[in-house]
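Note: hydrogens, waters and symmetry copies are ignored here, and every other heavy atom, side chains too, is used. Numbering of ligands and ligand atoms starts at 1, following listing order. Keep in mind that what you see is a predicted model, and the values were worked out from it rather than measured. Index from 1, following the sequence.
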Amino acid sequence: MEINLISDTVTKPTPEMLKAMMIAQVGDDVFKTDPTVTALEEKVASLFGMEAALFFPSGTMANQTAIKLHTQPGEQLICDTYTHVYNYEGGGASFNSGVSCKLVEGTRGMMTANQVEAAINPPDFYHSPLTSLVSIENTTNKGGGACWDLEELRKIRWVCSSHNLAFHLDGARLWNALIAQKESPLEYGKIFDTISVCLSKGLGCPVGSLLVGNKDDMVKAIRIRKIFGGGMRQAGFLAAAGIYALDHHRERLKEDHRRAKEIGEVLGELTFVDYIAPIETNIIIFGIDERKMGVPQFIQKLSEKNILLMGMGKEKLRIVTHLDYTENSHEVFLTELRSLFK
Ligand SMILES: *Cc1c(COP(=O)(O)O)cnc(C)c1O
């Protein structure tokens with residue numbers, strides 16, 4: 001049995017999800033005639049109390065579409081140094097939208113409203129790029145699955161409104177934050193202009209993300225998605241997986257979070273583990289003392305037992321729990337951790 005802790009994207013559809021996919025009614029979503037895609041979009045829009053949603057093949061494309069929607073070439077967006085839109089989307093903000101990123105050094109991927117306000121370029125100072133968008137991420141990926149404080153987000157909303165900036169949420173793992181913080185998606189719908197959410201991470205779908213926002217923006221987003229090559233035809237088979245996952249795989253994220261905390265406790269017992277970042281959701285980031293144990297050696301020892309995890313550069317490692325990391329996998333992993341590194 002392989003235990004893959006590299007990412008929550010490695011999950012495969014469950015038999016029940018596959019069944020829901022197999023019996024889905026489909027049409028041609030580029031002509032907007034796929035009833036299952038439409039049902040998924042309506043379901044997600046209403047979860048957030050927003051007007052409309054649009055189905056995308058990836059979270060990257062949903063974020064890139066949002067950036068394109070809210071900016072003009074030459075302008076600037078504000079984001080934390082840790083954000084996915086800056087680090088892991090292949091430079092898409094500049095390639096697709098011709099915008100630059102003003103980076104803010106937050107804490108575990110989270111900026112304060114004061115930092116955001118200080119990063120805005122004065123609109124009448126034509127030497128600097130015009131600031132038009134603020135983009136944040138919840139949970140933060142590079143920040144180790146940290147969850148934002150809703151109050152701070154409301155303050156940033158206020159800053160955005162008073163400076164005429166759009167506010168986008170990269171919610172690839174927002175489902176994790178909602179469960180961990182016991183929050184309602186409706187609260188998020190009130191704060192942001194657009195929100196992207198992934199179905200293919202904690203929720204366990206094979207493919208898919210959605211962008212949520214107002215009707216006008218989502219009509220414009222259809223055109224941008226087309227330009228990016230993201231129009232999909234009988235996408236209802238994929239949307240059916242999303243509907244199934246929203247109904248059956250959200251509450252269970254608590255299990256991923258509990259297991260992540262328990263892994264953290266066992267890591268804490270290992271003498272060569274230097275630090276463990278606070279564990280709030282399903283991501284564990286920790287560092288090991290390389291004088292006692294090398295990162296490649298640690299990864300190798302586990303991989304000999306069919307347990308996979310990822311280095312994050314230097315002394316840092318990452319573990320991500322997910323739907324296919326079962327209670328049984330959990331027991332095996334904790335036992336191996338204890339016995340391999342006694
Ligand atoms: C995974 C992820 C995305 C989108 O990734 P895709 O692989 O393109 O679906 C966006 N933002 C964050 C924070 C992510 O972790």
Side-chain angles (χ1 to χ4, degrees), residues 4-13 40 44 53-69 77 79-93 95-97 101 103-104 106 108-111 133-148 153 167-180 188 192 194-212 221 224-225 228-230 232 235 238-239 241-242 245 253 256-257 260 277 280-285 310 312 318-323:
N4 189 334
L5 294 161
I6 287 175
S7 173
D8 45 8
T9 55
V10 300
T11 57
K12 297 182 182 138
L40 172 67
V44 172
L54 195 62
F55 190 42
F56 281 82
S58 72
T60 298
M61 197 190 284
N63 284 334
Q64 291 298 317
T65 297
I67 294 171
K68 184 75 195 145
L69 266 178
L77 69 87
C79 63
D80 187 277
T81 49
Y82 275 15
T83 47
H84 196 275
V85 295
Y86 172 70
N87 291 292
Y88 304 124
E89 299 191 2
F95 188 94
N96 297 315
S97 299
C101 299
L103 299 177
V104 174
R108 304 179 69 213
M110 298 175 290
M111 325 174 268
L133 169 65
V134 177
S135 183
I136 68 108
E137 192 175 303
N138 198 17
T139 69
T140 66
N141 177 353
K142 221 178 157 191
C147 301
W148 282 73
L153 292 175
F167 194 18
H168 173 68
L169 167 60
D170 174 355
R173 293 192 181 79
L174 184 62
W175 310 115
N176 295 85
L178 293 171
I179 291 292
Y188 284 81
F192 292 92
T194 47
I195 299 174
S196 68
V197 289
C198 278
L199 303 172
S200 57
K201 293 197 167 151
L203 295 190
C205 293
V207 174
S209 281
L210 290 105
L211 186 67
V212 203
I224 298 168
R225 187 183 66 177
F228 288 170
M232 296 185 286
L238 300 173
L253 290 169
D256 296 348
H257 301 169
E280 295 181 38
T281 53
N282 68 327
I283 302 178
I284 304 145
I285 289 180
M310 196 168 79
M312 288 187 79
R318 184 178 94 156
I319 288 173
V320 189
T321 60
H322 52 73
L323 181 63

| said: With a 4.5 Å cut-off on side-chain heavy atoms, are H168 and S196 touching? | reply: yes
| field | Minimum non-hydrogen distance to atom 11 (N) of ligand 1, winning option of V85, T140, T60, D170 | value | D170
| request: Might you work through the side-chain contact (heavy atoms from CB on, under 4.5 Å) test for R318 and I283, ending with a clear yes or no? | output: CA-CA 7 Å; R318 184 178 94 156; I283 302 178; 4.0 Å; yes
| query | Considering only protein heavy atoms, which is closest to atom 3 (C) of ligand 1, and at what distance to one decimal place? | reply | K201 NZ, 3.2 Å
| query | Hey, which atoms in ligand 1 end up nearer than 4.0 Å to a heavy atom of E137? | reply | 13 (C)
| message | Looking at Q64 and N96, would you say the former's side chain and the latter's main chain have a donor-acceptor pair under 3.5 Å? | response | no
| query | Do R173 and T281 have side chains that get closer than 4.5 Å, going by heavy atoms? | reply | no
| task | Give the numbers and elements of all ligand 1 atoms closer than 4.0 Å to a heavy atom of S58. | result | 8 (O), 9 (O)
| field | Contact atoms of ligand 1, heavy-atom distance to R173 under 4.0 Å | value | 15 (O)
| said: With a 4.5 Å cut-off on side-chain heavy atoms, are V197 and S209 touching? | reply: no
| message | How about CZ on F228, more than 12 heavy atoms from neighbouring residues, nucleotides or ligands closer than 6.0 Å, or not? | response | yes
| said: For ligand 1 and S209, I'd like to know whether there is a polar contact (N/O to N/O, distance under 3.5 Å). | reply: no
| said: Would the distance check show the side chain of S58 and the main-chain N or O of M61 forming a donor-acceptor pair, the cut-off being under 3.5 Å? | reply: yes
| note | Which of T139, D8, D256 passes side-chain hydrogen bond (donor to acceptor under 3.5 Å, both in side chains) with N282? It is D8
| said: Taking 4.0 angstrom as the limit and counting only heavy atoms of N63, give me the atoms of ligand 1 inside it, by number and element. | reply: 10 (C), 11 (N)
| Any N or O of A172 closer than 3.5 Å to N or O of ligand 1 | no
| field | Shortest protein contact, atom 9 (O) of ligand 1 (heavy atom only) | value | G59 N, 2.8 Å
| said: At under 4.0 Å between heavy atoms, is it the side chain or the backbone of M61 that contacts ligand 1, or both, or neither? | reply: neither
| For S200 and ligand 1, does the shortest N/O to N/O distance drop below 3.5 Å? | no
